[in-house]
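All chains are named by letter (A, B, ...) in the order of the sequence lines, taking the proteins before the strands, and each is independently numbered beginning at 1. Note that the coordinates shown come from a computational prediction; the quantities given were computed from them, not determined experimentally.
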2 protein chains.
Amino acid sequence: MLDITALTKEDAATCPVRSVLSKVTGKWQILIFLALEDESHRFGELKRTVGDITPRVLTENLKSLERDGFLTRTVHSGPPLAVSYELTEMGHSFIKVIKPVVFWAGDNFQSIDAARKKFAS
Amino acid sequence: MLDITALTKEDAATCPVRSVLSKVTGKWQILIFLALEDESHRFGELKRTVGDITPRVLTENLKSLERDGFLTRTVHSGPPLAVSYELTEMGHSFIKVIKPVVFWAGDNFQSIDAARKKFAS
DNA sequence: CAGAATCCGACATGATACTG
DNA sequence: CAGTATCATGTCGGATTCTG
């Protein structure tokens, strides 16, 4: 088993596992990762692709991911002003381990739903 | 690419991916999973193993994981009263896909930390 | 176009005290 | 032992408005 004690009593800034998990614990990050998997996108494109996200929240998420080295932000001087976001090598590496979780979710949602219904009864 | 539109505009109750990710978005669930990976544990054991978690929060987490079929709760009539928690087959299946993420975190934390320092400058 | 500023509400967690 | 009950708080996301 992993050394659990090494993961406890630490905040997200210092605990490796929590630091990484925090990149997908939000409501939108996983969608951002998937949107950027194959190609870079501009701010507005991301906003449309991801869905109902507000610009403030999108900016916040992108800044967090950029800050931790998962993606890069590139400004193309306008006008019109354009800013593109692209996954880094680390971002691509991360998506490789997180996608199985996404697929697992698709494969097992029925079971989870069944468990919920059973538990309710 | 995955069909992102299928993942948007849905709450955690109906979106497969978010429903599953919500099992590790909390501060404690991953620790609970790892603690139960090799053997079942009683409430008090879990509390000590996981660390500074309060009984209220531990109960809440365990109930959520039980409700969705990741673990089972077994009452052994006392006295003394004993309640043991054990991963289900689905729980074990899930830990298989989530552990690579944990390992990835250990392998890449240095890079994340470096990116943070660089970004700050 | 790509954000920033401000205000607000919801939910997860923490602290403390109590119980079958 | 294994929880439950209350109260307090902090962070994340949502809505709205404004700007280089």
Side-chain angles (χ1 to χ4, degrees), chain A residues 7-15 18-19 21-32 35-36 40-68 71-86, chain B residues 7-13 15 17-19 21-32 35-36 40-68 71-86:
Chain A
L7 308 181
T8 57
K9 303 189 180 184
E10 311 222 28
D11 56 40
T14 54
C15 173
R18 289 242 296 282
S19 168
L21 282 179
S22 74
K23 297 298 132 187
V24 288
T25 60
K27 187 174 173 179
W28 303 106
Q29 293 111 317
I30 188 71
L31 296 172
I32 295 174
L36 292 175
S40 71
H41 284 289
R42 296 174 52 181
F43 187 87
E45 293 174 338
L46 278 176
K47 189 162 153 37
R48 280 188 298 278
T49 305
V50 165
D52 269 342
I53 192 170
T54 64
R56 194 191 66 78
V57 174
L58 180 55
T59 300
E60 196 173 81
N61 276 269
L62 289 170
K63 201 173 293 180
S64 165
L65 292 173
E66 183 199 1
R67 175 171 172 275
D68 284 7
L71 55 79
T72 59
R73 175 182 185 271
T74 308
V75 180
H76 309 275
S77 306
L81 174 59
V83 179
S84 65
Y85 295 88
E86 185 172 13
Chain B
L7 309 182
T8 56
K9 302 189 180 184
E10 312 223 26
D11 56 40
C15 173
V17 172
R18 290 241 298 282
S19 168
L21 282 179
S22 75
K23 295 298 130 186
V24 288
T25 59
K27 186 175 174 179
W28 303 106
Q29 293 110 317
I30 187 72
L31 297 171
I32 296 173
L36 292 175
S40 70
H41 283 289
R42 298 174 52 182
F43 188 87
E45 292 174 338
L46 278 175
K47 188 162 154 38
R48 279 188 297 278
T49 305
V50 165
D52 270 341
I53 193 170
T54 64
R56 195 189 66 78
V57 173
L58 179 56
T59 300
E60 198 173 80
N61 276 269
L62 289 171
K63 202 173 292 181
S64 164
L65 292 173
E66 183 200 1
R67 175 172 172 274
D68 284 6
L71 56 77
T72 58
R73 175 180 183 272
T74 308
V75 180
H76 310 275
S77 307
L81 174 59
V83 179
S84 65
Y85 294 88
E86 185 172 12

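Nearest heavy atoms, S40(B) versus E45(B): O-OE1, 4.4 Å. Here the closest non-hydrogen pair linking S22(A) and S19(A) is OG-O, 2.8 Å. Nearest heavy atom pair, residue I53(B) against residue K47(B), reads O-NZ, 2.9 Å. The shortest non-hydrogen separation linking L46(A) to H41(A) is CG-CB, 3.9 Å.
Note: CG (L58(B)) to C1' (dC1(D)) measures 13 Å, nearest angstrom. Atom CZ of R73(B) and atom P of dC1(D) are 16 Å apart (whole Å). If you measure from atom NE2 of H76(B) to atom C1' of dG3(D), you get 15 Å, rounded to the nearest angstrom. Spacing between atom CZ of R48(B) and atom P of dG3(D) amounts to 13 Å, rounded to whole angstrom units. The separation between Y85(A) atom OH and dC1(C) atom P is 15 Å, rounded to whole Å. Atom NZ in K47(A) sits roughly 11 Å away from atom C1' in dG3(C) (whole-Å rounding). At whole-Å resolution of the value, NE2 in H41(B) and C1' in dC1(D) are 17 Å apart. Taking atom CD on E45(A) and atom P on dA2(C), their separation rounds to 8 Å, with Å as the unit.
Of the side-chain N and O atoms in K63(A), none sit less than 4.0 angstrom from OP1 or OP2 of dA2(C). For R42(A) and dG3(C), the shortest distance from a side-chain N or O to OP1 or OP2 is not below 4.0 Å.
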Polar atom pairs (N or O), protein with nucleotides 7-14 of chain C, under 3.5 Å:
| from | atom 1 | to | atom 2 | distance (Å) |
| --- | --- | --- | --- | --- |
| dT13(C) | OP1 | K27(B) | N | 3.0 |
| dG14(C) | OP1 | K27(B) | NZ | 2.7 |
| dG14(C) | OP2 | W28(B) | NE1 | 3.0 |
| dG14(C) | N7 | R56(B) | NH2 | 3.3 |
| dG14(C) | O6 | R56(B) | NE | 3.4 |
| dG14(C) | O6 | R56(B) | NH2 | 3.3 |

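A donor atom on one side chain and an acceptor atom on the other are found under 3.5 Å apart for S64(A) and K23(A). Donor-acceptor pairing under 3.5 Å is recorded for the side chains of S84(B) and H76(B).
Here the side chains of L58(B) and W28(B) are not in contact, with every heavy-atom distance at 4.5 Å or above.
Two residues, L81(A) and P55(A), neighbour DNA chain D, and the one matched to the more 5' nucleotide by heavy-atom proximity is P55(A).
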